[in-house]
Amino acid sequence: GKSFILNQMALTEDGIDTDKLVAIDSQTFKKHEKYQTQFNDIVLLARSTQIKCFMIPDISYRLIANSNLYILRASDGFDPYYIYLLLNSD
């Protein structure tokens with residue numbers, strides 16, 4: 001399948017802006033595979049003055065988070081949506 005680098009510019013309130021994703025080849029993907037996002041992962045901006053987080057939707061392509069993003073993955077038994085809501089609350 002297609003693989004892309006996920007960057008801060010591609011994250012929007014409505015989801016992922018695919019026009020802002022950077023395509024990568026399969027060799028680059030394999031090199032950075034441990035940073036692959038999964039459905040319902042929570043992505044946080046690593047270098048921001050305020051907490052901004054986004055949930056990864058069910059997508060048909062593979063994403064590797066760049067170094068400006070943190071990935072939070074809920075353990076079994078925890079609903080990632082509640083974690084997302086908590087992080088976005090005031």
Side-chain angles (χ1 to χ4, degrees):
K2 293 185 179 182
S3 303
F4 299 92
I5 296 290
L6 177 62
N7 56 53
Q8 178 177 346
M9 300 300 288
L11 295 168
T12 70
E13 297 297 324
D14 298 323
I16 297 171
D17 182 351
T18 55
D19 291 333
K20 302 237 170 97
L21 295 174
V22 178
I24 56 174
D25 58 35
S26 59
Q27 185 177 6
T28 303
F29 177 82
K30 286 182 182 180
K31 183 177 176 185
H32 301 287
E33 193 169 16
K34 68 180 179 178
Y35 303 110
Q36 181 178 7
T37 63
Q38 297 177 11
F39 174 58
N40 277 342
D41 278 353
I42 300 166
V43 177
L44 292 161
L45 304 182
R47 293 170 177 84
S48 178
T49 56
Q50 57 183 320
I51 293 178
K52 284 187 133 186
C53 62
F54 307 86
M55 286 194 76
I56 298 296
D58 191 11
I59 53 179
S60 61
Y61 47 89
R62 302 181 301 184
L63 291 175
I64 298 291
N66 76 3
S67 61
N68 294 319
L69 302 173
Y70 294 123
I71 302 170
L72 295 177
R73 187 165 295 142
S75 299
D76 289 340
F78 290 95
D79 186 336
Y81 188 68
Y82 288 119
I83 298 169
Y84 168 80
L85 289 176
L86 178 66
L87 289 170
N88 274 332
S89 66
D90 290 333

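We count residues from 1, following the sequence as given.
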Rounded to the nearest 0.5 Å, how far does [atom2] of [Y] lie from [atom1] of [X]?
X	Y	atom1	atom2	value
K52	L44	NZ	CG	12.0 Å
R73	N40	CZ	CG	10.5 Å
L72	I83	CG	CD1	7.5 Å
D25	K30	CG	NZ	10.5 Å
C53	L11	SG	CG	10.5 Å
I5	F29	CD1	CZ	9.5 Å

For [X] against [Y], the heavy-atom pair lying closest together:
X	Y	value
P57	F39	C-CD1, 3.5 Å
G1	R62	O-NH2, 3.8 Å
T37	A65	CG2-CB, 4.3 Å
S67	R47	O-NH1, 2.9 Å
I56	I59	CG2-CD1, 4.4 Å
Y35	I71	O-CD1, 3.3 Å

Is there a path of hydrophobic side-chain contacts, each under 4.5 Å between heavy atoms of I, L, V, M, F, W or Y residues, that connects [X] with [Y]?
X	Y	value
I42	L69	no
L6	F4	yes
V43	Y84	no
L87	L85	yes
L86	F78	no

Do I64 and T28 come within less than 4.5 Å of each other through their side chains, counting heavy atoms only?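 SC-SC contact between I64 and T28 ruled out.
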Chi angles and distances behind the side-chain contact (heavy atoms from CB on, under 4.5 Å) call for V22, N66: CA-CA 10 Å; V22 178; N66 76 3; over 6 Å; no
Quick check on Y82: does its OH atom have over 12 non-hydrogen neighbours (other residues, nucleotides or ligands) under 6.0 Å away?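 It does not: Y82 OH has 12 such atoms or fewer within range.
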Is it the case that more than 12 heavy atoms not belonging to Y61 sit under 6.0 Å from its OH atom?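 For Y61, atom OH is crowded (more than 12 foreign heavy atoms under 6.0 Å).
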Determine yes or no for a side-chain-to-main-chain donor-acceptor pair under 3.5 angstrom, with N7 supplying the side chain and K20 the backbone.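 Yes.
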